[in-house]
2 protein chains.
Amino acid sequence: MSTHRRQAISAALQAQPTFVSAQQLYAELRNAGERVGLATVYRHLQALAEAGQVDVLRTDEGEAVYRRCATGRHHHHLVCRSCGRTVEVADRAVERWADRIADEHGFRDVRHTVEVVGTCSACGAS
Amino acid sequence: MSTHRRQAISAALQAQPTFVSAQQLYAELRNAGERVGLATVYRHLQALAEAGQVDVLRTDEGEAVYRRCATGRHHHHLVCRSCGRTVEVADRAVERWADRIADEHGFRDVRHTVEVVGTCSACGAS
DNA sequence: GCAAGTATGAGAATCATTCCCGATAACCGG
DNA sequence: CCGGTTATCGGGAATGATTCTCATACTTGC
């Protein structure tokens with residue numbers, strides 16, 4: 001159906017250089033003049049997440065943050081704790097590791113979460 | 001000072017077979033007859049977490065869950081999504097992987113989050 | 001253009017977590 | 001053991017993110 005709002009939200013997300021919370025995206029949309037409701041932002045973000053079109057993760061404070069990733073394939077993130085710059089990492093090594101560990105303990109249908117944060121070269125003014 | 005409440009909370013946490021939320025722990029303490037406040041549970045849980053005596057992580061719903069781990073050393077968890085059984089995994093391989101990835105992209109002071117969930121052999125009634 | 005159905009937005013409702021503050025209990029010097 | 005001082009408690013209010021509700025606005029098929 002009407003994909004007007006959905007497109008606006010999807011586009012706004014696309015424009016983000018890093019992970020953003022629903023609240024942030026909502027604020028940006030409002031600033032950009034979009035008359036959109038917070039509930040709508042949440043709805044679409046969730047829909048996009050379920051459709052696997054965006055990645056979701058939780059900050060240490062428990063806030064959900066979203067990001068439209070370059071690839072639809074499974075990957076992980078390397079995020080700068082200072083500027084938020086995000087590098088998408090697709091490396092089979094971790095997947096294999098997770099599978100091996102799970103296997104060693106008899107676990108099945110394994111799913112994993114792997115996120116790495118650090119200070120990027122631009123921010124680490126050493 | 002008064003370590004009465006602190007001990008009760010620490011002990012209750014010790015008795016948990018898996019990760020528990022502050023709310024759950026609070027409920028258990030009340031059931032056990034402890035006249036403790038929710039705020040106190042949060043306070044001590046946070047203190048214990050900062051002291052590195054308990055591990056904290058976030059559920060997909062954003063709720064913080066705590067666990068007193070066997071070792072104080074750095075490790076990860078393999079959790080059964082059905083029964084909650086938790087296996088502590090200390091495997092240098094992931095650490096090396098994370099360091100390597102970070103290094104390749106010029107990131108420093110790296111910290112990582114790695115959690116694996118699956119169905120344990122007891123629950124996977126296949 | 002019209003009916004029927006979905007998306008939308010505003011604000012209320014939820015829920016975990018934190019804040020506030022008067023009450024309480026531990027510690028200490030005497 | 002006593003009073004004074006101070007950190008901890010507990011309960012309820014305050015906060016903040018997320019979800020729900022529902023009347024209204026837009027879409028689509030016809």
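Sequence lines set the chain letters: A, B, ... in the order given, protein chains first and strands last, and positions in each chain run from 1.
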Quiz item: Counting just side-chain N and O atoms, does His4(A) come under 4.0 Å of either OP1 or OP2 of dA25(D)?
Solution: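 For His4(A), the contact criterion (side-chain N or O under 4.0 Å from OP1 or OP2 of dA25(D)) is not met.
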Exercise. Compare side-chain N and O positions of Thr40(B) against OP1 and OP2 of dG10(D) and report whether any pair is under 4.0 Å apart.
Key: yes
Need one value for [X]: base, sugar-phosphate or nothing, where a base atom within 4.0 Å counts as base even if backbone is also close, heavy atoms only.
X	value
Arg35(A)	sugar-phosphate
Glu61(B)	nothing
Glu34(A)	nothing
Glu63(A)	sugar-phosphate
Gln24(B)	nothing

Quiz item: Taking Arg67(B) for the side chain and Val54(B) for the main chain, is one N or O donor matched with an acceptor at less than 3.5 Å?
Solution: no
Quiz prompt | Thr119(A) side chain to Cys123(A) backbone, donor-acceptor under 3.5 Å | solution =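 No: the side chain of Thr119(A) does not pair with the backbone of Cys123(A).
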Please determine, for the side chain of [X], which listed nucleotide ([options]) has the closest atom?
X	options	value
Tyr42(B)	dC9(D), dA16(C), dG11(D)	dA16(C)
Gln46(A)	dG11(D), dT19(D), dG9(C)	dT19(D)
His44(B)	dC9(D), dT17(C), dG9(C)	dC9(D)
Ala39(A)	dG10(D), dG11(C), dT8(C)	dG11(C)
Gln23(A)	dT18(D), dT18(C), dC20(C)	dT18(D)
Ala22(B)	dC20(C), dG9(C), dT17(C)	dT17(C)

Quiz item: Is Arg100(A) paired with Glu104(A) through a side-chain N to carboxylate O contact shorter than 4.0 Å?
Solution: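 Here Glu104(A) pairs with Arg100(A) in a salt bridge, since their nearest N and O are under 4.0 Å apart.
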Exercise. Determine whether any donor atom in the side chain of Arg5(A) lies under 3.5 Å from an acceptor atom in the base of dG9(C), or the reverse, and answer yes or no.
Key: no
Expressed as a whole number of angstroms, how long is the span from [X]:[atom1] to [N]:[atom2]?
X	N	atom1	atom2	answer
Arg6(B)	dA25(C)	CZ	P	19 Å
Arg43(B)	dC21(C)	CZ	P	14 Å
Leu45(A)	dA7(C)	CG	P	16 Å

Quiz prompt | Candidate list Glu88(A), Glu95(A), Glu115(A), test side chain to side chain donor-acceptor pair (under 3.5 Å), partner His76(A), passing option | solution = Glu95(A)
Practice problem: Check the pair Tyr66(A), Gln53(A) against side chain to side chain donor-acceptor pair (under 3.5 Å), reporting the backbone distance first and the verdict last. | Solution: CA-CA 10 Å; Tyr66(A) 306 80; Gln53(A) 290 181 35; over 6 Å; no
